[in-house]
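Inspection log for the structure reproduced underneath, given as structure tokens.
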Amino acid sequence: MKVKALLSVVVGSMLMFAAYAQNTSDDELIERIKPVGSVHIAGAQAESASAGPRSGADIYQSACFACHGTGALSAPKINVAAEWAPRLEQGFDTVWQNAIKGINAMPPMGGCMDCSEDDIKAAIEHMTKDI
Ligand code: HEC
């Protein structure tokens, strides 16, 4: 009897410990998975948002429209030949370089910090495509 009782206490506490350990490791696992999971999802979204090359029209719309769509700060307006022609007379590469470096009220890269120089070129081509 005594042995049985002792055994059941031992087995019982082992089971309790096992259950405790099990719960603890589950909780730990959930805690460990959570942040990793959310970081991964955020990363996946960022990847899909920037997936594929952006067109000149996309870049214009997100980075240049504020000034070049409205003429704000006297920016040459999109596809208005009279405003672009004197600039394009300098040669496309000069105009492109000016956009990269910034010129007067025009910020460097048009303020588009994640644009490449080729993105800027594509946006300029979009803004002058009907000229
Ligand atoms: C904050 C307003 C603003 C934004 C945003 C902006 N521009 Fe401009 N941009 C200007 C202004 C103002 C000028 C005229 C500068 C001058 O010649 O005095 C200009 C001029 C230019 C020129 C002509 C440069 C030259 O040689 O005459 C190009 C090309 C140009 N911008 C491209 C872009 C592109 C591409 C973007 C978007 C990626 C962009 N800009 C975003 C204000 C802006």
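No experiment lies behind these values; they were computed from the predicted model shown. Note that these values count all heavy atoms, side chains included, but never hydrogens, waters or copies made by symmetry. One-based numbering along the sequence shown.
Contact between Cys67 and Leu73 at its shortest, heavy atoms only, is SG-CD1, 4.3 Å. Closest approach of Pro86 and Ala81 over heavy atoms only: CD-O, 4.3 Å.
A heavy-atom distance below 4.5 Å is not found between the side chains of His68 and Glu83. Ile100 is not listed as a side-chain neighbour of Lys121, based on a closest heavy-atom distance of 4.5 Å or more. At a threshold of 4.5 Å between non-hydrogen side-chain atoms, the residues Phe92 and Ile124 count as touching.
For the atom pair CH2 (Trp84) and NZ (Lys129), the distance works out to 12.5 Å, reported to the nearest 0.5 Å.
Across the pair Cys112 and Cys115, the gap between the SG atoms, which is the quantity tested here, stays under 2.5 Å.
In the hydrophobic cluster analysis, where Ile, Leu, Val, Met, Phe, Trp and Tyr join through side-chain heavy atoms closer than 4.5 angstrom, Met127 is grouped apart from Met106. In terms of hydrophobic clustering, with Ile, Leu, Val, Met, Phe, Trp and Tyr side chains grouped at heavy-atom distances under 4.5 Å, Phe65 and Ile120 are assigned to a common cluster. Hydrophobic cluster membership is shared by Ile131 and Tyr60, with clusters built from Ile, Leu, Val, Met, Phe, Trp and Tyr side chains linked at under 4.5 angstrom.
Distance alone, capped at 3.5 Å, places no donor-acceptor pair between the Asp119 side chain and the Arg54 backbone. Judged by distance alone, with hydrogens and angles left aside, the side-chain atoms of Asn98 form no donor-acceptor pair with the main-chain N or O of Ile103 at under 3.5 Å. Of the possible donor and acceptor atoms, none in the side chain of Trp96 sits under 3.5 Å from a partner among the backbone N and O of Asp118.
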- Task: Walk me through it: do His126 and Ile78 pass the test side-chain contact (heavy atoms from CB on, under 4.5 Å)?
- Result: CA-CA 8 Å; His126 176 73; Ile78 181 167; 3.8 Å; yes
- Message: Set out, in order, the CA-CA distance, both residues' side-chain angles and the distance that settles side-chain contact (heavy atoms from CB on, under 4.5 Å) for Lys77 and Thr70, then state yes or no.
- Response: CA-CA 6 Å; Lys77 285 196 289 293; Thr70 61; 5.9 Å; no
